[in-house]
> 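Just dropping this structure here.
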Protein chains: 2
Amino acid sequence: MLPRMTEAPMREPTFLVLTALAATPQHGYAVIEDVARMTDGRVRLRAGTLYAALDRLRSDGLIEVDREEVVQSRLRRYYRLTGVGEQRLAAETARLHRQATLAESRLRTRRTPGEAFS
Amino acid sequence: MLPRMTEAPMREPTFLVLTALAATPQHGYAVIEDVARMTDGRVRLRAGTLYAALDRLRSDGLIEVDREEVVQSRLRRYYRLTGVGEQRLAAETARLHRQATLAESRLRTRRTPGEAFS
DNA sequence: CAGCATATACCGATCATCGGCATATACGGC
DNA sequence: GCCGTATATGCCGATGATCGGTATATGCTG
């Protein structure tokens with residue numbers, strides 16, 4: 001299971017999954033709930049999206065299995081960020097901040113006649 | 001050409017196209033260059049991506065044709081943000097800031113044993 | 001005249017996400 | 001006892017934005 005070489009742009013659900021695992025390891029279902037809480041219910045990850053994302057992030061080396069527990073005869077597989085995942089998430093947050101700040105700046109200079117924009 | 005009702009999550013190239021048009025109207029090719037400059041060459045929009053995005057954003061009512069010019073016998077079609085587009089971009093920037101801040105906050109509380117996270 | 005920049009536009013392929021379904025167990029209400 | 005919901009993982013087909021390439025022109029430069 002070699003890590004993929006592509007540095008494809010990260011979509012929102014994937015970013016939120018990494019965010020959910022940033023502070024502490026969590027199992028899949030807990031991630032779904034956490035993402036819903038984080039986004040005030042706006043993003044409700046489908047099971048298909050979540051487990052596909054976990055597999056992909058794992059094969060990319062951004063997360064790894066932390067441990068497995070059985071609670072009430074149900075399996076809980078906990079995932080945690082790897083060092084690489086931590087760096088990637090930090091890079092993503094920096095990028096988001098930069099782009100958001102730039103967009104805000106441009107929105108402010110909007111409709112200012114005869115004014116050049118950077 | 002009815003505006004689509006879906007409020008689908010916005011991807012990075014689309015966000016950057018809106019950002020490019022936020023301050024002043026620009027034609028397609030200028031948007032490609034602007035996005036490349038904004039992202040320090042990281043994002044180089046393909047023609048297919050750009051014009052498809054412009055069509056989609058137009059049918060969604062987020063942008064509209066500003067004017068057309070012919071320079072050196074080549075057509076330049078300028079697009080501008082609509083009021084709806086401006087609101088949407090502002091909402092997107094707010095969302096990006098919130099998510100980036102949240103992710104940073106979680107990265108900071110990382111690996112702090114026995115500590116609950118919000 | 002070959003190559004590159006400008007400028008718009010179409011096309012098939014890729015792939016993350018969506019939406020739904022399957023499989024189990026536990027719990028609460030009726 | 002049964003139904004619906006919550007918990008928990010997983011598979012599968014469809015969707016759609018993006019990618020990569022090509023087409024079509026013109027102008028400029030080497």
Side-chain angles (χ1 to χ4, degrees), chain A residues 4-18 20-21 25-37 39 41-60 62-63 65-79 88 92, chain B residues 4-18 20-21 25-37 39 41-60 62-63 65-79 88 92:
Chain A
R4 298 188 310 171
M5 286 298 102
T6 53
E7 192 79 4
M10 188 177 295
R11 298 220 221 156
E12 197 191 8
T14 300
F15 175 82
L16 291 168
V17 169
L18 287 185
L21 298 177
Q26 297 199 74
H27 59 96
Y29 196 82
V31 169
I32 292 179
E33 293 181 305
D34 196 12
V35 166
R37 255 185 290 116
T39 61
R42 192 178 56 83
V43 177
R44 262 118 63 156
L45 293 181
R46 311 288 151 178
T49 304
L50 189 266
Y51 293 106
L54 290 175
D55 289 345
R56 183 165 26 86
L57 291 171
R58 207 152 70 88
S59 80
D60 286 354
L62 302 188
I63 66 174
V65 173
D66 184 70
R67 67 187 187 279
E68 291 185 351
E69 287 177 2
V70 174
V71 177
Q72 287 169 339
S73 65
R74 278 192 231 100
L75 176 67
R76 285 182 179 176
R77 184 144 42 225
Y78 286 74
Y79 296 90
R88 186 87 162 77
E92 277 294 304
Chain B
R4 298 187 311 170
M5 286 301 101
T6 53
E7 192 80 4
M10 187 176 297
R11 300 220 219 156
E12 198 191 9
T14 302
F15 176 81
L16 290 168
V17 169
L18 288 184
L21 299 177
Q26 296 199 74
H27 60 95
Y29 196 82
V31 168
I32 292 179
E33 293 180 304
D34 196 14
V35 166
R37 256 185 289 114
T39 61
R42 191 177 57 83
V43 177
R44 262 117 64 154
L45 293 181
R46 312 287 151 180
T49 305
L50 189 268
Y51 293 105
L54 290 175
D55 288 345
R56 185 165 25 86
L57 290 170
R58 207 152 70 87
S59 81
D60 286 354
L62 301 188
I63 66 175
V65 174
D66 183 69
R67 67 188 188 278
E68 291 185 350
E69 286 177 4
V70 174
V71 177
Q72 289 171 335
S73 67
R74 276 193 232 97
L75 176 68
R76 283 183 179 175
R77 184 145 42 225
Y78 287 75
Y79 296 89
R88 187 86 161 76
E92 277 294 304

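So you know, we letter chains A, B, ... as the sequences are listed, proteins then strands, and number each from 1.
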> Let me know the distance between CD1 of Ile32(B) and C1' of dA7(C), rounded to the nearest Å.
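Atom CD1 in Ile32(B) sits about 9 Å away from atom C1' in dA7(C).
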> Taking the side chain of Ala53(B) as its heavy atoms from C-beta onward, which of dA9(C), dA16(C), dT18(D) lies nearest to it?
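Given the options dA9(C), dA16(C), dT18(D), the side chain of Ala53(B) is closest to dT18(D).
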> If I take atom CG in residue Leu75(A) and atom P in nucleotide dG10(D), what distance separates them, rounded to the nearest angstrom?
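In whole Å, dG10(D) P and Leu75(A) CG are 7 Å from each other.
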> Any side-chain N or O of Gln72(B) below 4.0 angstrom from OP1/OP2 of dA5(C)?
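Negative; the distance criterion is not met.
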> Under 4.0 Å: is that the gap between some side-chain N or O of Thr14(B) and OP1 or OP2 of dT18(D)?
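For Thr14(B), the contact criterion (side-chain N or O under 4.0 Å from OP1 or OP2 of dT18(D)) is met.
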> Using a 4.0 Å heavy-atom cut-off across all strands, classify Thr49(B) as base, sugar-phosphate, or nothing.
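The residue Thr49(B) makes base contact.
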> The side chain of Ala47(A) lies closest to which of these nucleotides: dG20(C), dT8(C), dA6(D)?
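Nearest to the side-chain atoms of Ala47(A), counting from C-beta on, is dG20(C).
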> What is the minimum heavy-atom distance between Arg67(B) and Pro25(B), and which atoms define it?
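In this case the closest contact between Arg67(B) and Pro25(B) is NH1-CB, 4.2 Å.
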> To the nearest 0.5 Å, what is the distance between CG (Leu62(B)) and OH (Tyr79(B))?
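Reported value, rounded in 0.5 Å steps: 13.5 Å.
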> Whole Å only: how far is the CZ atom of Arg46(B) from the C1' atom of dT14(C)?
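Interatomic distance, CZ of Arg46(B) to C1' of dT14(C): 14 Å.
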> Looking at dT8(C), dT17(C), dC19(D), which one has an atom nearest to any side-chain atom of Tyr51(B)?
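My answer, after comparing the listed nucleotides, is dT8(C).
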> Contact class for Glu33(B) (heavy atom, under 4.0 Å): base, sugar-phosphate, or nothing?
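Sugar-phosphate, backbone atoms only, no base.
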> A side-chain contact here means heavy atoms from C-beta on lying under 4.5 Å apart; do Arg74(A) and His27(A) qualify?
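Answer no - side chains too far apart.
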> Name the nucleic acid region contacted by Gly28(A), choosing base, sugar-phosphate or nothing; use a 4.0 angstrom heavy-atom cut-off, strictly under.
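The answer is sugar-phosphate, as Gly28(A) gets under 4.0 Å only of primed atoms, P, OP1 or OP2.
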> Ala52(A) side chain: which of dT9(D), dT17(C), dA17(D) is closest?
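The answer is dT17(C).
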> Between Arg77(B) and dA9(C), does any side-chain N or O lie under 4.0 Å from OP1 or OP2?
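Result: yes.
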> CZ of Arg74(A) versus C1' of dT5(D): gap in Å, rounded?
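About 11 Å, once rounded to whole Å.
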> How many Å lie between CG on Leu45(B) and P on dA7(C), as a whole number?
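Between P of dA7(C) and CG of Leu45(B): 16 Å.
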> Taking atom P of dT18(D) as reference, at what distance in whole Å does atom CZ of Phe15(B) sit?
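Going from Phe15(B) (CZ) to dT18(D) (P), I get 13 Å.
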> Starting at atom OH of Tyr78(B), determine the distance to atom P of dT8(C), rounded to an integer number of angstrom.
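For the pair Tyr78(B) OH and dT8(C) P, the rounded distance is 9 Å.
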> Hey, could you give me the CG/CZ distance between Leu57(A) and Arg88(A), rounded to the nearest 0.5 Å?
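Answer rounded to 0.5 Å: 9.0 Å.
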> Indicate whether OP1 or OP2 belonging to dT18(D) is found under 4.0 Å from a side-chain N or O atom of Arg56(B).
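Arg56(B) to dT18(D) OP1/OP2: side-chain N or O found under 4.0 Å.
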> Of all the choices, dT6(C), dT9(D), dC18(C), which nucleotide is nearest to the side chain of Tyr29(B) once you look at every atom?
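Selected nucleotide (nearest to the side chain): dT6(C).
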> Taking 4.0 Å as the cut-off, does a side-chain nitrogen or oxygen of Arg76(A) come that near to OP1 or OP2 on dA8(D)?
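Yes, within the criterion.
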> Rounded to the nearest 0.5 Å, what's the gap from CD1 on Ile63(B) to CG on Leu21(B)? Could you check?
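Between atom CD1 of Ile63(B) and atom CG of Leu21(B) there are 6.0 Å.
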> Starting at CD of Glu12(B) and ending at P of dG16(D), how long is that distance when rounded to a whole Å?
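One finds 22 Å between P of dG16(D) and CD of Glu12(B), rounded.
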> Which atom pair, heavy atoms only, marks the closest approach of Phe15(B) to Met10(B)?
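What the structure gives for the nearest pair is CA-SD, 3.7 Å.
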